[in-house]
Each structure stands twice: as structure tokens, then as C-alpha cells.
Colleague: 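Can you read through this structure? Questions will come right after.
In what follows, residues are counted from 1 in the order of the sequence shown. Reckoned from all heavy atoms, side chains included, excluding hydrogens, waters and symmetry mates.
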Amino acid sequence: MATWAPLRSISLTPGPTRSGRLNTPKVIACSRDSSDVPVPDFLSSNWLESRKKRPFGPRLDFSAEEAVQCQLDALKYNDQPCQDYGIEVMYRFAGFDPFERSSYFGPHFDLGQFERFRRIFHHSTYRVLLSHKERKILSSLWVKEQNRFKQRVWVRGSRPEEEEVFQFTMVQRVGGSWDGYWLTESLLHDGDGFSGGLAY
């Protein structure tokens, strides 16, 4: 998104006009702040402000490691500034098609609705990520030919004796509106995370 910077004052030098008289110097002062930015008619008048308040998500300048780090940070402070904000950040990084069943968590789930995605994080296996106390990167693997990055992370949760290992698989998109962005292809639990079943 382009940002508008204030324009500097421009001083015009005096010069003769067609009638031969000298012009006096003129100063044109222009400035632009967010209220001056024109908003197209088909968008609401508060569109620009709402764009600034959007939850954090993928950025073109993020490396794969930074994308994983940002997601883990969001989950660590999951309920700040509002409830399940960290899960919402994860949903923004998720690289699945909302109209197809996804293997983001391993088994094929219909994750098109945020509420279903959110419920899985509150399942006993994945809840260790929410407001976790400590984490450690165990290993990282680059698969450059496929624009993929895998990272295994050990996480100690906020509850006693709660620790798990998860594997992030990031993929860098080529083409389309997400060209160049690192998105999360899957977040897998080491082991059978859904052995007891899951009602999502």
C-alpha cells in the first residue's frame, strides 16, 4: 500500500511575464495526511483507517524464518489485543484454499470458516501453542527447488508438564496475488495429534 508523505514547499523564482512585469515569488505549500487521501466511491469512507487496523499477516519482505517467528509470537500472546488474535494471524498466514478440504493440520478438514480453524487450536494437542511460555527451534530444512521451508519447534505450554513438538511447512507462492509471499502450508504435530478424534 502506498503511503503519502508530506510535500515540501515549492518556491517559484521571480521572472518576467508576457507583459514584461516581474512576478513576485510564490510559495505553494502542500501536505497530505491520511484524511486527504481520496477513497473511491465504492469503498466506505473509513476504509483507509480500517486497513491500518487490520490484524498482522504475511508481508512480502518476510523470509520464511521471519514468517514462522511472527506466527509463533502471535500465538504466544494469543489474546492480545483481543481474544484469539494470534489464531487470526495464523489464519491470515494459512496457504490453503478455503473452498477445498485442507491437510493443514494433517487430516483433511474443511477449514474455510475461521471458527473451525479456531476450534482446532483449542483442541488439547494444539492448545499448547496458545500463550506458550517457551519454545526452541529443533531443526530447519530448506528445499529450494520447491520454494519450501520446514522448521520443527519444541513448545512448552502454560500448563504444567505441557510440551509438544510441531512442524511448520512454509511455501513461497509463485504467481497470483500472493506472488513472493511465504504462507503456511501445514502445521503438524509430531505424533498422532487427533487420536481421540476431534469435533470441529
Colleague: Return the minimal non-hydrogen interatomic distance between Gln151 and Ser140, and the atom names on each side.
Modeller: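 Closest approach of Gln151 to Ser140, heavy atoms only: NE2-OG, 2.9 Å.
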
Colleague: Does one hydrophobic cluster hold both Trp142 and Val153, with members joined at side-chain heavy-atom distances below 4.5 Å?
Modeller: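 In one cluster with Trp142: Val153, yes.
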
Colleague: For the side chain of Asp190 and the backbone of Gln167, is there at least one donor-acceptor N/O pair under 3.5 Å apart?
Modeller: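 Between the backbone of Gln167 and the side chain of Asp190 there is no qualifying donor-acceptor contact (under 3.5 Å).
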
Colleague: Which atoms form the tightest heavy-atom contact between Phe62 and Gly57, and what is the distance?
Modeller: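 Looking at all heavy atoms of both residues, the closest pair is CE1-O, 3.9 Å.
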
Colleague: Start with the C-alpha distance between Ile120 and Leu111, add both sets of side-chain angles, then the distance that settles side chain to side chain contact (heavy atoms under 4.5 Å, CB included), and finish with yes or no.
Modeller: CA-CA 10 Å; Ile120 291 176; Leu111 300 175; 3.7 Å; yes

Colleague: Test your reading of the model: is there a side-chain donor-acceptor pair from Glu88 to the backbone of Asp84, 3.5 Å cut-off?
Modeller: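 Answer holds: no.
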
Colleague: For residues 57-79, pull every pair meeting salt bridge (charged side-chain N to carboxylate O under 4.0 Å, His left out), keeping only residues two or more places apart or in separate chains.
Modeller: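 Matches after skipping sequence neighbours: Asp73-Arg135.
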
Colleague: Looking at Glu163, Glu161, Glu134, which hits salt bridge (charged side-chain N to carboxylate O under 4.0 Å, His left out) with Arg156?
Modeller: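 Only match with Arg156 under salt bridge (charged side-chain N to carboxylate O under 4.0 Å, His left out): Glu134.
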
Colleague: Is there a continuous path of hydrophobic side-chain contacts, each under 4.5 Å between heavy atoms, that joins Val128 to Leu187?
Modeller: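 Same cluster.
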
Colleague: Tell me whether Arg148 contacts the main-chain N or O of Val143 through its side chain, where contact means a donor paired with an acceptor under 3.5 Å.
Modeller: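 Between the backbone of Val143 and the side chain of Arg148 there is no qualifying donor-acceptor contact (under 3.5 Å).
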
Colleague: Using the side chain to side chain contact (heavy atoms under 4.5 Å, CB included) rule, take Tyr126 and His189 through it: C-alpha gap first, then chi angles, then the decisive distance, then the call.
Modeller: CA-CA 8 Å; Tyr126 285 87; His189 175 262; 4.0 Å; yes

Colleague: Could you tell me which residues satisfy side chain to side chain contact (heavy atoms under 4.5 Å, CB included) with Ser186, sequence neighbours excluded, listed by chain and number?
Modeller: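 Expected list: Thr169, Leu188.
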
Colleague: Ignoring hydrogens and geometry, is there a side-chain-to-backbone donor-acceptor pair from Gln172 to Gly180 under 3.5 Å?
Modeller: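 Yes, the answer is positive, given that a donor and an acceptor are paired below the 3.5 Å cut-off.
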
Colleague: Is a salt bridge present between Glu162 and Lys133, judged by a nitrogen-to-oxygen distance below 4.0 Å?
Modeller: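 Result for this pair is no, no salt bridge flagged.
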
Colleague: Do Leu183 and Leu129 share a hydrophobic cluster, counting only Ile, Leu, Val, Met, Phe, Trp and Tyr and linking them when any side-chain heavy atoms are less than 4.5 Å apart?
Modeller: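 As far as the 4.5 Å side-chain criterion goes, Leu129 and Leu183 are not connected within one cluster.
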
Colleague: How about Phe105 and Phe117: are their ring centroids closer than 6.0 Å?
Modeller: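 Yes - the distance between ring centres of Phe105 and Phe117 falls below the 6.0 Å cut-off.
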
